[in-house]
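What you see is a predicted model; the values in this text were computed from it and never measured. Naming: A, B, ... by sequence-line order, numbering from 1 per chain. Side chains included, hydrogens not; waters and symmetry mates left out as well; all remaining heavy atoms used.
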Number of protein chains: 2
Amino acid sequence: MVSLTEENYLKALLSLAKEKGEVNVTDLSKHLGIKMPTANSMMKKLAEKKLVVYESYKPLRLTEKGKKTAGLIIRKHRLTEMFLVDKMGFGWEQVHEIAEQIEHIHSQDFFEKMDELLGYPKFDPHGSPIPDKNGKMEWISYQTLTHCNVGDVVHLAAVTNSSAEFLKFLNARELKLGARLRILAIESFDKSMTITYDGRSDEVLSALVCEKLLVTL
Amino acid sequence: MVSLTEENYLKALLSLAKEKGEVNVTDLSKHLGIKMPTANSMMKKLAEKKLVVYESYKPLRLTEKGKKTAGLIIRKHRLTEMFLVDKMGFGWEQVHEIAEQIEHIHSQDFFEKMDELLGYPKFDPHGSPIPDKNGKMEWISYQTLTHCNVGDVVHLAAVTNSSAEFLKFLNARELKLGARLRILAIESFDKSMTITYDGRSDEVLSALVCEKLLVTL
DNA sequence: GTAAAATGTTAGAATAGACTAACAAAATTT
DNA sequence: AAATTTTGTTAGTCTATTCTAACATTTTAC
């Protein structure tokens, strides 16, 4: 049995591993908003449950069992987000918080029904891949907008931040997944970008925003 | 702030108060499957939070605040059950367990959206009233089938047990809410009833079943 | 290649929620 | 009304999850 708390640790480990490759206790505790010793003792506990490989002073790793467990929680999270947007009419900026809670519901049937009603989606409303029933996730390698050049024309494929604050910022600029973006200029001083898309022309996006936007050619 | 555990105590207090008028610690602990001292100390805690009136050796009562809080949890539970049945295609026997978890989700918006999508229903799939946004519940006084007589023709309005086991039993007999029941005979020995409805004739229901069926004339 | 800084670990304490054992009060029986 | 049974309370323990303070190791800087 994995507690709600343990589930949150596993999820954090998986997403930090994605971003960084390796995970250390400092990053984990910062990500979860807890103190380092708390994270540390939980790692020992998860190691006993064979969900984490823990060796003193070494980076943390999820075991296969841990990866699968974490993947299945993320699956529930993303199916929920998709359901909330597609079937209940929420905006993509509203669903992260709610999904954060619903992902801990213990009912296979509930999430299978969602999956079925949604027609077995592969991506959530923020463009993130939905893991399969074995917790396996296709890790698509998009580029951040930051890495593009003047003149490039790309499509917005995903965002790496699902906070309401960030997504409201994008809403205000009518910037949606799938949008075709043309890069007009890059300010060398602060790396801010001037782009054009849909009805909007000459929108300026700071580097902080650009690095959260994943694009495809 | 009310914890998930506290919410479950409040819900138990409200439903026991409905059944019995007064609530004592023994019934409460049995209902929740915990030991008496555990319930007792939680009652003191809820009394400090002004949710329960607690006096040594006296029956337990919810305060107005406690009733409202409990009513709002039941509202979330029943809206969820209705949503699961009406919008997601679950059977009425599948939804209690799932709703038991979803009722603890903290998001006004989530339940308001359900309510809206459902068209502001007044009853859940088991015929129980859905409390309003102030946690107030209309307490409709149905009769149990047990109290009817031979020759009576009544309609099944609600069931007082939402367990999968009981509802599967009714499913197997195609006994649904709204069904028009005619009482053909009552066995004086064990109070079992022979009834006819819809396509079914001469179904025999034990007193144990009959007392869980609420009917209107 | 030490010294300083960053990171990780251990030990001990707090809170929530559950338990058992022992005791106290109230209700019921005879 | 005394004895018995049921019900309620108190005290102390346990586990999960968190914390702070102190200490240890590793990494980085000079």
Which whole-number value in Å describes the distance from B:L28 CG to D:dT7 C1'? 13 Å
Apply side chain to side chain donor-acceptor pair (under 3.5 Å) to A:Q101 and list each qualifying residue two or more places apart in sequence or on a separate chain. none
Write out all pairs satisfying salt bridge (charged side-chain N to carboxylate O under 4.0 Å, His left out) with one or both partners inside residues 23-35 of chain B, taking only residues at least two apart or from two chains. B:K20-B:D27
State whether B:S56 places a side-chain N or O below 4.0 Å from either non-bridging phosphate oxygen (OP1 or OP2) of D:dG8. no
For B:D27 and D:dG8, what is the distance between atoms CG and P respectively, to the nearest whole Å? 8 Å
For DNA chain C, determine which residues of residues 100-107 of chain B have any heavy atom closer than 4.0 angstrom to one of its atoms, and list them numerically. none
Scan residues 21-72 of chain A for pairs that pass ring-ring contact (aromatic ring centres under 6.0 Å, His included), counting only residues two or more places apart or in two chains. none
On DNA chain D, does the nearest nucleotide to A:Y57 precede the nearest nucleotide to B:N40 from the 5' side, or the other way round? Give the residue. B:N40
Can you run down the salt bridge (charged side-chain N to carboxylate O under 4.0 Å, His left out) pairs that involve residues 203-217 of chain A, sequence neighbours left out, and say none if there aren't any? A:R173-A:E203, A:R200-A:E203
Taking atom P of D:dT18 as reference, at what distance in whole Å does atom CG of A:N8 sit? 9 Å
So, OP1 or OP2 of C:dT9: does either fall under 4.0 Å of a side-chain N or O from A:Y54? yes
Distance-only side-chain donor-acceptor flag, A:T26 / A:N24, under 3.5 Å: no
Calculate the interatomic distance between B:E55 atom CD and C:dA24 atom P; express it in whole Å. 22 Å
Salt bridge (charged side-chain N to carboxylate O under 4.0 Å, His left out) pairs touching residues 93-110 of chain B, sequence neighbours excluded, are B:K11-B:E100, B:K11-B:E103
Which whole-number value in Å describes the distance from B:L4 CG to D:dA16 P? 18 Å
Can you pull the side-chain hydrogen bond (donor to acceptor under 3.5 Å, both in side chains) pairs that have at least one residue in residues 110-126 of chain B, sequence neighbours excluded? B:R75-B:D115, B:E81-B:H126, B:Q108-B:E112, B:H126-B:S162
For A:H96, which residues count as a ring pair (Phe, Tyr, Trp, His ring centres under 6.0 Å) partner, sequence neighbours excluded? A:H77
Show me the protein contacts with nucleotides 18-20 of chain C, counting only N or O atoms at under 3.5 Å.
| residue | atom | partner | partner atom | Å |
| --- | --- | --- | --- | --- |
| C:dA18 | OP2 | B:Y9 | OH | 3.0 |
| C:dC19 | OP2 | B:K35 | N | 2.9 |
| C:dC19 | OP2 | B:T38 | OG1 | 2.7 |

